Amino acid sequence: MNSSEICIIQQTDSSKSDLLSDKLDIPLCQLNPPDSPVWLDWILDKQSQQQKLALCSKATGPVLIDFLSGKKAHRRKFGGGKNQPLARAMGSTPKGLPSIIDATAGMAGDSYVLASLGFKVDMLERSAIVSALLEDALDRALHEKPNLSEEEQLTLDRLNLIKADSIEYLLNEKPNVDVIYLDPMYPEKKKKAAVKKEMQALQLLAGPDIDSSKLLDAALQTANYRVVVKRPKGAEPVQGLLNEVAPTTNINSPNTRYDIYVIKALKEQIN
Ligand SMILES: C[S@@+](CC[C@H](N)C(=O)[O-])C[C@H]1O[C@@H](n2cnc3c(N)ncnc32)[C@H](O)[C@@H]1O
């Protein structure tokens, strides 16, 4: 989606909308409601009196990120703890929990669960708009910090947002990291009515990720310990470009498969 198909609703306090418009190089909307397919607006949360930046479209309504309430809080409390497939897929290293780069942060659902389980997570996101939503959610959560439980505070402290294309970041910065986690966006099946609102909004913004193979290669060249790729149940593994690598193993849950590429095992295959 290019910037002519998205606009920002001007706020009563216009400095906020002007600032975001400059930062993202996205125009302010001429109409309210706008005639563009997607727009950004701030939604007032009556309970907290916080203004929350949201990505809006007629199909999805406002979609925003909230670390402390709603789905993320529910997943943190009732998601299955350390035994859930996502956490098991990360494994453990002799020095304890591995450090993680989530190279496809999106709405940070997975990053937040991992951080709540004690993992330190660098969240990489290339979409400037999704990064702005993440930044807004992190700022709001940090603002609430004095009122949060110790567990919530520690979870937030483990998250670090980096706005970057992961392929470039991994290859140029060569970060020292144990696990790289990938959850690329795949084309949704047409008849699937229950595609989550968040995923619909991401699809509208960015479309499917067509360079997942390059990203897998960059991740395999960078991670010290393993690369984990989230796939829908029954889907083919992501194909690398450089080498024909197959996942070393996988972990299954009802709708999802985590393909695990163990770096040591891959090196032994090559030598
Ligand atoms: C399916 S979503 C990830 C959802 C995320 N796991 C969650 O729990 O919310 C994929 C996201 O990865 C981002 N992405 C894809 N390729 C990327 C890359 N090379 N660098 C950075 N971000 C990327 C997309 O912009 C999109 O926001």
Side-chain angles (χ1 to χ4, degrees), residues 1-2 6 24 38 40 55 60 63-67 70-76 79-80 84-87 89-90 100-117 119 121-138 155 159-173 175 177 179-189 192 195-223 227-232 235 238 240-241 253 255-259:
M1 170 163 294
N2 61 46
I6 177 162
L24 300 182
V38 181
L40 288 164
L55 177 68
T60 62
V63 172
L64 55 85
I65 303 172
D66 237 327
F67 286 112
K71 237 184 338 186
K72 285 199 179 39
H74 187 270
R75 223 177 133 188
R76 181 172 62 80
Q84 61 188 292
L86 172 66
M90 301 301 136
I100 297 175
I101 283 183
D102 179 349
T104 53
M107 301 289 184
D110 294 327
S111 286
Y112 190 70
V113 167
L114 292 168
S116 74
L117 296 173
F119 296 91
V121 186
D122 279 345
M123 304 185 286
L124 268 56
E125 175 54 55
R126 69 176 160 193
S127 156
I129 296 168
V130 178
S131 298
L133 295 174
L134 283 167
E135 206 176 320
D136 180 72
L138 282 172
T155 299
L159 288 172
N160 176 37
L161 172 64
I162 300 170
K163 191 215 156 301
D165 184 301
S166 299
I167 301 171
E168 286 169 21
Y169 181 86
L170 296 177
L171 296 179
N172 297 336
E173 302 295 323
V177 65
V179 177
I180 300 181
Y181 174 64
L182 313 179
D183 174 17
M185 204 140 45
Y186 35 84
E188 293 290 349
K189 288 188 197 114
K192 203 169 165 193
V195 176
K196 288 185 203 138
K197 255 173 55 162
E198 285 187 353
M199 217 39 77
Q200 273 187 46
L202 284 178
Q203 286 270 354
L204 272 171
L205 264 189
D209 294 319
I210 51 173
D211 51 2
S212 315
S213 299
K214 270 194 199 161
L215 181 54
L216 176 62
D217 282 342
L220 290 171
Q221 285 175 58
T222 310
V227 174
V228 177
V229 185
K230 183 179 185 178
R231 301 293 288 154
V238 171
L241 292 174
S253 67
N255 299 316
T256 304
R257 190 184 73 239
Y258 296 96
D259 287 341

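When a ligand or atom number is given, it counts from 1 through the structure's own listing order. For clarity, every value in this text was computed on a predicted model and none was experimentally measured.
Judged by distance alone, the side chain of E125 and the main-chain N or O of G106 form a donor-acceptor pair under 3.5 Å. S212 places a side-chain N or O within 3.5 Å of a backbone atom of D209 that can act as its donor or acceptor partner. The closest donor-acceptor contact from the side chain of D136 to the backbone of A132 lies at 3.5 Å or more, if one exists at all.
Taking every heavy atom of G109 and a limit of under 4.0 angstrom, the matching atoms of ligand 1 come to 7 (C), 8 (O), 9 (O). Ligand 1 places these atoms under 4.0 Å from at least one heavy atom of A103: 20 (N), 21 (C), 22 (N), 23 (C). The contact set between ligand 1 and A108, taken as ligand atoms under 4.0 Å from a residue heavy atom, comprises 7 (C), 9 (O). Shown in contact with A164 at under 4.0 Å from a heavy atom are these atoms of ligand 1, numbered in order with element: 20 (N), 21 (C). Of all atoms in ligand 1, listed by their number and element, those nearer than 4.0 Å to a heavy atom of L202 are 2 (S), 27 (O).
Under 4.0 Å from ligand 1, not a single heavy atom of S111 appears. By the criterion of a heavy-atom distance under 4.0 Å, the side chain of D209, and not its backbone, is placed next to ligand 1.
When the options I180, L216, D183 are evaluated for a side chain to side chain contact (heavy atoms under 4.5 Å, CB included) with V229, the one that passes is L216. Checked against V227 for a side chain to side chain contact (heavy atoms under 4.5 Å, CB included), the options V238, L220, L215 give a single hit: L220.
Here the side chains of V228 and D259 are not in contact, with every heavy-atom distance at 4.5 Å or above. Side-chain contact between L114 and D102: absent, with no pair of heavy atoms (C-beta onward) separated by less than 4.5 Å.
With distances taken over non-hydrogen atoms, the option nearest atom 24 (C) of ligand 1 out of M199, E125, M107 is E125.
Nearest protein neighbour of atom 22 (N) of ligand 1, counting heavy atoms only, is R126 N, 3.2 Å. Counting protein heavy atoms only, atom 5 (C) of ligand 1 is closest to A105 O, 3.3 Å. Of the protein's non-hydrogen atoms, the one nearest atom 20 (N) of ligand 1 is S166 N, 2.8 Å. Here the protein heavy atom with the shortest distance to atom 10 (C) of ligand 1 is D183 O, 3.4 Å. Closest to atom 8 (O) of ligand 1 among all protein heavy atoms lies D110 N, 3.0 Å. Given atom 12 (O) of ligand 1, the protein heavy atom at minimum distance is T104 CB, 3.2 Å.
When only interatomic distances are considered, the shortest N/O to N/O separation between D102 and ligand 1 does not fall below 3.5 Å.
A salt bridge is absent between K214 and D165; no separation between the charged side-chain nitrogens and carboxylate oxygens falls under 4.0 Å.
Note that the NZ atom of K197 and the CE atom of M107 stand 10.0 Å from one another [nearest 0.5 Å].
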